[in-house]
Amino acid sequence: MIYFLEGVPEMPTTVPMPLEFRLPEGWLPARPEGFNAADVAFAAVHPQPDAGFAANITIDDDVPPDALTLADLADTSVEHLREVAESVMVAHRREVGSFDAPALAQRLVFSTVVDGAHRGLVQSQVYLSLSDVKNSHKRAVIRLTLTATAGQHDAILGDFQDFVRIVGPDTGTAA
């Protein structure tokens, strides 16, 4: 279950532990019927589309077998994107976070057809490994993703970075 601090629309899937977060100013929760990714637990859209494409932030999850690393999950994500998009390139990847809270960030550049038009898109993904507040042995990996046009990505990347900094397990202290 996700706890969006200002109310959350019902989405088609949930993450394995409650999360707390707040959307960047101006971003809008996406309605489930307006978003066609069945494995997305939460989605939001930027209020100003670029060339007809609305940038979006999504949260989805994975509970990987212990043997899989964050890099393995990121590689799998690249392969899945290659199934639906063209010219997928890993532009940047690095491990971030700490020993207790490892994370991996990657930027993918690709092209795809959206609403009949060919678009160059950029996707920033952050994989966060989180421990459940109530059971520290229970871990899950969530993927936070920003997808935007190549022309808009860098202008809204700061919003996504702010969002990533505040996403975390629900501690029960949210107002």
Side-chain angles (χ1 to χ4, degrees), residues 2 13 15 19-28 30 35-37 39-115 117-131 139-169:
I2 289 182
T13 188
V15 293
L19 297 176
E20 292 180 342
F21 62 89
R22 184 180 321 278
L23 283 176
E25 188 172 331
W27 286 75
L28 305 168
F35 210 82
N36 64 0
D39 59 346
V40 171
F42 180 81
V45 294
H46 192 269
Q48 298 172 337
D50 179 48
F53 182 83
N56 59 78
I57 292 174
T58 59
I59 300 175
D60 60 83
D61 72 308
D62 201 351
V63 184
D66 289 336
L68 284 182
T69 66
L70 295 177
D72 292 334
L73 294 173
D75 288 341
T76 300
S77 179
V78 171
E79 292 310 312
H80 286 150
L81 188 56
R82 285 186 174 136
E83 293 172 6
V84 297
E86 302 169 6
S87 307
V88 178
M89 182 184 76
V90 179
H92 177 77
R93 180 185 283 181
R94 71 182 175 136
E95 292 184 13
V96 294
S98 65
F99 178 78
D100 293 331
L104 182 139
Q106 71 178 1
R107 182 178 297 188
L108 308 176
V109 178
F110 60 99
S111 62
T112 192
V113 176
V114 179
D115 293 330
H118 217 79
R119 303 209 187 273
L121 299 177
V122 178
Q123 195 171 81
S124 289
Q125 300 177 340
V126 176
Y127 291 83
L128 299 176
S129 179
L130 303 173
S131 292
R139 294 191 69 80
V141 174
I142 61 169
R143 179 177 61 174
L144 310 173
T145 303
L146 167 66
T147 305
T149 62
Q152 188 179 35
H153 182 271
D154 290 349
I156 60 175
L157 181 60
D159 286 353
F160 180 63
Q161 291 168 331
D162 291 344
F163 177 74
V164 169
R165 277 191 274 281
I166 62 169
V167 172

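On a predicted model such as this, the values are computed, not experimentally measured, just so you know. Computation of the quantities below employed the complete heavy-atom set of this structure, encompassing side-chain atoms and omitting hydrogens, waters and symmetry-equivalent molecules.
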List in chain and number order the residues that pass side-chain contact (heavy atoms from CB on, under 4.5 Å) with Val96, two or more places apart in sequence or in another chain; answer none if no residue qualifies. Arg94, Ala103
Taking only residues two or more places apart in sequence, or in another chain, which ones meet Glu25 in a side-chain hydrogen bond (donor to acceptor under 3.5 Å, both in side chains)? none
Looking only at non-hydrogen atoms, find the nearest pair between Leu104 and Ala74 and report the distance. CD2-CB, 3.7 Å
Could you pull out the closest heavy-atom pair between Ala30 and Val45, with the gap in Å? CB-CG1, 4.3 Å
side-chain hydrogen bond (donor to acceptor under 3.5 Å, both in side chains) partners for Arg93, two or more places apart: Asp75, Gln106
Taking side-chain contact (heavy atoms from CB on, under 4.5 Å) as the test, write out the residues that go with Gln48, two or more places apart. His46
Among all residues two or more places apart in sequence or in another chain, which pass the salt bridge (Lys or Arg N to Asp or Glu O under 4.0 Å) test with Glu79? Arg82
Taking only residues two or more places apart in sequence, or in another chain, which ones meet Ser87 in a side-chain contact (heavy atoms from CB on, under 4.5 Å)? Ser111
Sequence neighbours excluded, the answer for side-chain hydrogen bond (donor to acceptor under 3.5 Å, both in side chains) partners of Glu95 is none
Is any side-chain heavy atom of Val141 closer than 4.5 Å to one of Leu128? no
Of all pairs that satisfy ring pair (Phe, Tyr, Trp, His ring centres under 6.0 Å), the ones with a partner from residues 78-115, not counting sequence neighbours: none
For Ser77, check side-chain hydrogen bond (donor to acceptor under 3.5 Å, both in side chains) against everything at least two apart and list the hits. Gln125, Tyr127, Arg143
Salt bridge (Lys or Arg N to Asp or Glu O under 4.0 Å) pairs, two or more places apart, involving residues 101-110: Arg107-Asp154
In Å and rounded to the nearest 0.5 Å, what is the CD1 to OG1 distance from Ile142 to Thr58? 10.5 Å
Quick one: does Val78's side chain get under 4.5 Å of Leu108's, heavy atoms only? yes
Which heavy-atom pair separates Leu23 from Phe42 by the least distance, and what is that distance? CD2-CE2, 3.9 Å
Over all heavy atoms of both residues, which pair between Thr112 and Val84 is shortest? Give the atoms and the distance, please. OG1-O, 3.5 Å
What one should report as the nearest heavy-atom pair of Ala150 and Val122 is CA-CG2, 3.8 Å
Validation: residues 156-168 side-chain donor-acceptor distances under 3.5 Å, sequence neighbours left out:
unit_1, atom_1, unit_2, atom_2, d
Asp159, OD2, Trp27, NE1, 2.9
Asp162, OD1, Arg165, NH2, 2.7

